[in-house]
Amino acid sequence: MTMAEDDGTLLIRIRAAMPALRPSERRIAEAFAGEPAAAANLSIADLAARCATSTTSVVRFYRRMGYARYQDFRIDLTRAVAREELATSSLPEASGDIDRHDSLEGIVSKVAMNETLSIADTARSLDMKALAEAVALLGAARRIDTFGVGASALVGLDLQQKLSRIGRTAINWHDPHSAWTSAATLDGTCVAVAVSHTGATVDTVEFLSIARNSGAATVAITNFLDSPLARAADVTLTTAARETQFRSGALGSRIAQLMVVDCLFTGVAQASYDESMEALRATYAVVHGRVVKRA
């Protein structure tokens, strides 16, 4: 009997697999991701009918998820749902996606639920070995270049600013052409960090590919391990963000990426604890000294 190593990550893995699935299998994945508790109670035949596909596609899907038997898949799915409900039990009750009829209170509840689960899922699924490798690369780098497009650009900027606060030479690029030309000048003493939720943003993938060809170490922060950006990276840090219909707003993805950036930065700072703390005190003193004093 084959079973997933951690049933708690099953829903995370289902969502992460969606972009690479066939249309018939994607409909099955969407059923489990959208209403996991209800879908877990369906037989193979009922699930196939609900998703307008064949029982063969259902079998192929749960085997792709790492299960030899549908019953084992359903059991782990039920456990994953229970863990998720426990993790959000303290939040206001909210279900479904944001729609046009939601009140402001409902919007707050749904956004809070989405972002809480995005952080919790990312923490559960983050590869500690990959994080340690990324921390080591950034800690040893002569220079670190960061790049992202749209909301991911803000995440790259956040990482650059944090690293600068502890005395690291870090540069964030806003313009793709500037990022590419800079990437072409990097060498084996440098690290390039690229951020993209989908891992398929052409400009971001190109930045990391150029940096890698120039000899720099490359780190990707993305939601999908099987993506062009991940394939261009030496180390990939995956988020487990939950996006709503308001995808352009980058709700869950941004908060999950920032959580990974915070872990990465903190790891780098801790590895050189004394120097980092001294730099943080110095930079805080400079900024705090510019605060207008109350009369």
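The first residue of the sequence shown is numbered 1, and numbering continues consecutively from there.
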Applying salt bridge (charged side-chain N to carboxylate O under 4.0 Å, His left out), run through R79 and D76 and close with a yes or a no. CA-CA 5 Å; R79 289 173 177 166; D76 277 1; 3.3 Å; yes

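- Considering every non-hydrogen atom in both R60 and S24, the closest pair reads NH2-OG, 4.2 Å.
- Atom OG1 in T55 sits 7.0 Å away from atom CD1 in I44 (nearest 0.5 Å).
- Side-chain polar atoms of Q160 and S164 form a donor-acceptor pair below 3.5 angstrom.
- Between E105 and V108 there is no side-chain heavy-atom pair separated by less than 4.5 Å.
- Residue V205 shares its hydrophobic cluster (ILVMFWY side chains chained together at separations under 4.5 Å) with F147, V149, I171, W173, W180, F207, L208, I210, L229.
- Formation of a donor-acceptor pair under 3.5 Å by the S118 side chain with backbone atoms of A241 is not found in this model.
- Side chain to side chain, T201 and D203 fail the donor-acceptor criterion of an N or O pair below 3.5 Å.
- For F32 and F73, the ring centers are positioned less than 6.0 Å apart.
- Closest approach of R50 to A38, counting heavy atoms only: NH1-CB, 4.4 Å.
- Note on V260 and F224: separate hydrophobic clusters, where clusters join Ile, Leu, Val, Met, Phe, Trp and Tyr whose side-chain heavy atoms are under 4.5 Å apart, directly or indirectly.
- D145 contributes no side-chain N or O that, together with a main-chain N or O of A192, makes up a donor-acceptor pair within less than 3.5 Å.
- One distance of note links CZ of R143 with CG of L163; it measures 13.5 Å at 0.5 Å rounding.
- For the residue pair T204 / S196, no side-chain donor-acceptor distance below 3.5 Å is found, with atom types taken as modelled.
- Here the closest non-hydrogen pair linking L77 and P36 is CD2-O, 3.7 Å.
- Between A211 and L186, the shortest heavy-atom distance links the atoms CB-CD1, 4.0 Å.
- Residue-environment remark: CG (D187) exceeds the threshold of 12 foreign heavy atoms within 6.0 Å.
- Side-chain atoms of R26 come within 3.5 Å of backbone atoms of M18 as a donor-acceptor pair (strictly under, hydrogens ignored).
- A donor-acceptor pair shorter than 3.5 Å cannot be found between the side chains of R212 and S209.
- A donor-acceptor pair is defined here as one N or O able to donate and one able to accept, closer than 3.5 Å; such a pair exists between the side chain of T218 and the backbone of D234.
- Cluster membership for I221 and I144, using ILVMFWY side-chain heavy atoms within less than 4.5 angstrom, is shared.
- The aromatic ring centroids of Y70 and Y62 lie less than 6.0 Å from each other.
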Can you check side-chain contact (heavy atoms from CB on, under 4.5 Å) on D226 and R231, steps first, answer last? CA-CA 7 Å; D226 183 19; R231 290 191 286 274; 3.0 Å; yes

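- Follow the hydrophobic side-chain contacts under 4.5 Å out from L21 and you reach V59 in the same cluster.
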side-chain contact (heavy atoms from CB on, under 4.5 Å) between M259 and I255, worked out: CA-CA 6 Å; M259 180 262 192; I255 202 73; over 6 Å; no

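- At least one donor-acceptor pair closer than 3.5 Å links the side chain of T283 to the backbone N or O of L280.
- Connection of M277 to V135 is established within a shared hydrophobic cluster, with ILVMFWY side chains joined at heavy-atom distances below 4.5 Å, either directly or through further cluster members.
- Remark: the backbone N or O of A68 is not paired with any side-chain donor or acceptor of D72 at under 3.5 angstrom.
- Here the side chain of R15 pairs no donor or acceptor atom with the backbone of A240 at under 3.5 angstrom.
- A donor-acceptor pair under 3.5 Å is formed between the side chain of R27 and the backbone N or O of A52.
- Using a 4.5 Å heavy-atom cutoff, the side chains of L10 and R13 are in contact.
- With rounding to the nearest 0.5 Å, the separation of OG in S125 from CG in L11 is 12.0 Å.
- A donor-acceptor contact closer than 3.5 angstrom links the side chains of S272 and R168.
- Heavy-atom contacts from other residues, nucleotides or ligands closer than 6.0 Å to CD of E35 number 12 or fewer.
- The shortest side-chain heavy-atom distance between T198 and T222 does not fall under the 4.5 Å cut-off.
- Of all heavy-atom pairs spanning N172 and G156, the tightest one is OD1-C, 3.3 Å.
- To the nearest 0.5 Å, atom SG of residue C51 and atom CG of residue L42 are 8.0 Å apart.
- Expressed to the nearest 0.5 Å, how far CG of L237 lies from CD of E133 amounts to 9.5 Å.
- Between N223 and S253, the closest side-chain pair of non-hydrogen atoms is not below 4.5 Å.
- Across all non-hydrogen atoms, the minimal contact from S214 to A183 is OG-O, 3.0 Å.
- Of the inter-residue distances, the one linking T238 atom OG1 with Q257 atom CD reads 11.5 Å to the nearest 0.5 angstrom.
- Between the side chain of S276 and the backbone N or O of Y273 there is no donor-acceptor pair closer than 3.5 Å.
- Within the 4.5 Å cutoff, the side chain of R281 has heavy atoms near those of the E278 side chain.
- A donor-acceptor pair is defined here as one N or O able to donate and one able to accept, closer than 3.5 Å; no such pair exists between the side chain of T122 and the backbone of T239.
- Neither L225 nor V195 shares a network with the other; the hydrophobic side chains, linked directly or stepwise wherever heavy atoms of I, L, V, M, F, W or Y lie under 4.5 Å apart, form separate groups for each.
- Using a 4.0 Å cut-off between a side-chain N of Lys or Arg and a carboxylate O of Asp or Glu, D158 and K162 qualify as a salt bridge.
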